[in-house]
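Data first, discussion second: the structure below is written as structure tokens.
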Amino acid sequence: MKKFQILCVTMGQKNFSKIKEMNIHSDVVFANQANQVGYEELKFEGYRAQMITTNTCGVGKNRNIALMYADAEYCLFADDDVVYYDGLAKKVVDEFEKHKDADVFIFNLDSEDGDRKQVKYDKTRRCKIIEKMPWGCVRVAVKLEALKKANIWFTTLFGGGCMFPSGEDSLWLTALKRNGLKFYISSETIGRVMFTNSSWFSGYDKKYYFGKGAFYQAVHPRTFYLWMLYICFRTRSKSKISFQKSLSWIKKGKYSYINNISYKEL
């Protein structure tokens, strides 16, 4: 079994140019959302790149497609706006080899977006049982065997192209933690992310708060109103709308999640 593989979601790709753009030097699976269906392979530098193209809309669905083709011991999730630093595969494999009980590793990423800076860690350590998880999947590597045993997949309700605009990564990570997978945080920085052409984040607007409302109802139904107040206070200086309207849109997200209504239907 190969040691390392990247699982990347992308859109509209007609070739394997992302390999060079992302500075990939390992096996990689591209789950490519487009207006056609197909499968291609490319051999490069002794590695294998696979391109699974479908007309399946939704980032969670496409992460699941990539997972179905995964066949390495350790897999790193990716978006196509990440550029990796040299030595990526060795950094990921070494961390798992040094910490044999780790099922999930969170790595550092540099960000070129001042409004969406990434929390960085200077020490490798075990993740605390109760700890914030401000991480997107582009920072996450997993031990594939542990993930398969847990049988946890990405939600198809949340994320770009889905009924609710965001939260698929956090829902998935929460499910992993609740199922007992062991999380570690790494001090290693593996690349930089540009956050270009986001399918859901256009600032702290109605859609943002709507998505948070649906997410909090899905993950924290008992403490929903505490989370609602927390996010509105935390983002009030950056928000495009008033504090009262942000509260209103979070409540609409809660209502929509309960009643299976999308943002477009409001």
Side-chain angles (χ1 to χ4, degrees), residues 1-98 102-110 112 136-149 153-154 160-161 169 172 186 188-197 199:
M1 189 179 190
K2 69 189 75 169
K3 280 288 184 182
F4 177 75
Q5 187 176 44
I6 293 171
L7 307 179
C8 180
V9 292
T10 186
M11 294 179 66
Q13 300 303 311
K14 301 185 183 300
N15 53 46
F16 287 93
S17 59
K18 283 293 177 183
I19 292 173
K20 184 175 181 180
E21 290 176 25
M22 297 173 66
N23 193 33
I24 292 174
H25 301 282
S26 69
D27 281 32
V28 57
V29 175
F30 292 104
N32 178 34
Q33 180 184 317
N35 294 322
Q36 59 191 53
V37 177
Y39 176 86
E40 295 178 87
E41 278 194 18
L42 175 71
K43 301 291 185 180
F44 72 104
E45 301 175 5
Y47 303 113
R48 179 174 68 154
Q50 298 168 270
M51 180 81 70
I52 302 95
T53 301
T54 69
N55 55 4
T56 303
C57 183
V59 66
K61 293 177 183 178
N62 283 282
R63 288 211 194 279
N64 288 336
I65 289 171
L67 262 177
M68 287 189 283
Y69 281 81
D71 60 358
E73 192 170 351
Y74 309 118
C75 294
L76 175 70
F77 291 93
D79 291 346
D80 64 3
D81 59 354
V82 178
V83 177
Y84 292 111
Y85 299 146
D86 292 341
L88 164 69
K90 186 178 188 306
K91 288 179 181 179
V92 175
V93 172
D94 282 354
E95 286 288 49
F96 276 106
E97 297 292 308
K98 290 175 186 175
D103 299 313
V104 180
F105 247 107
I106 311 300
F107 289 90
N108 290 326
L109 275 178
D110 293 326
E112 297 188 357
C137 271
V138 293
R139 302 180 60 166
V140 179
V142 297
K143 187 180 291 180
L144 187 59
E145 181 183 7
L147 189 60
K148 286 185 173 181
K149 284 182 178 179
W153 300 83
F154 287 86
D169 292 354
W172 181 73
S186 174
E188 294 284 358
T189 300
I190 58 173
R192 68 182 188 275
V193 58
M194 270 77 79
F195 290 121
T196 55
N197 302 319
S199 61

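As a basis for the values below, the full set of heavy atoms in this structure was taken, side chains included, without hydrogen atoms, waters or symmetry mates.
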Identify, with sequence neighbours excluded, every residue that meets ring-ring contact (aromatic ring centres under 6.0 Å, His included) alongside F107.
-> F105

Could you list the residues that satisfy side chain to side chain donor-acceptor pair (under 3.5 Å) with T56, not counting sequence neighbours?
-> T54

Kindly write out the residues that satisfy side chain to side chain donor-acceptor pair (under 3.5 Å) with N64, not counting sequence neighbours, or none if the list is empty.
-> none

Nearest non-hydrogen partners of E97 and Y74, listed with the distance | OE2-OH, 2.7 Å

Working to the nearest 0.5 Å, report the span between CZ of F4 and CG of L88.
-> 4.0 Å

Identify, with sequence neighbours excluded, every residue that meets side chain to side chain donor-acceptor pair (under 3.5 Å) alongside K98.
-> none

Quick note, salt bridge (Lys or Arg N to Asp or Glu O under 4.0 Å) partners involving residues 36-47, not counting sequence neighbours, are E41-R48

F16: what forms a ring-ring contact (aromatic ring centres under 6.0 Å, His included) with it, not counting sequence neighbours?
-> none

Any side-chain heavy atom of F77 sitting closer than 4.5 Å to one from L67?
-> yes

Kindly give the heavy-atom pair with the smallest separation between D169 and C137, and that separation in Å.
-> OD2-N, 2.9 Å

Point-to-point distance, once rounded to the nearest 0.5 Å, from CG of D71 to CD of Q50 | 6.5 Å

Between atom CG of L42 and atom OH of Y47, what is the distance when rounded to the nearest 0.5 Å?
-> 14.0 Å

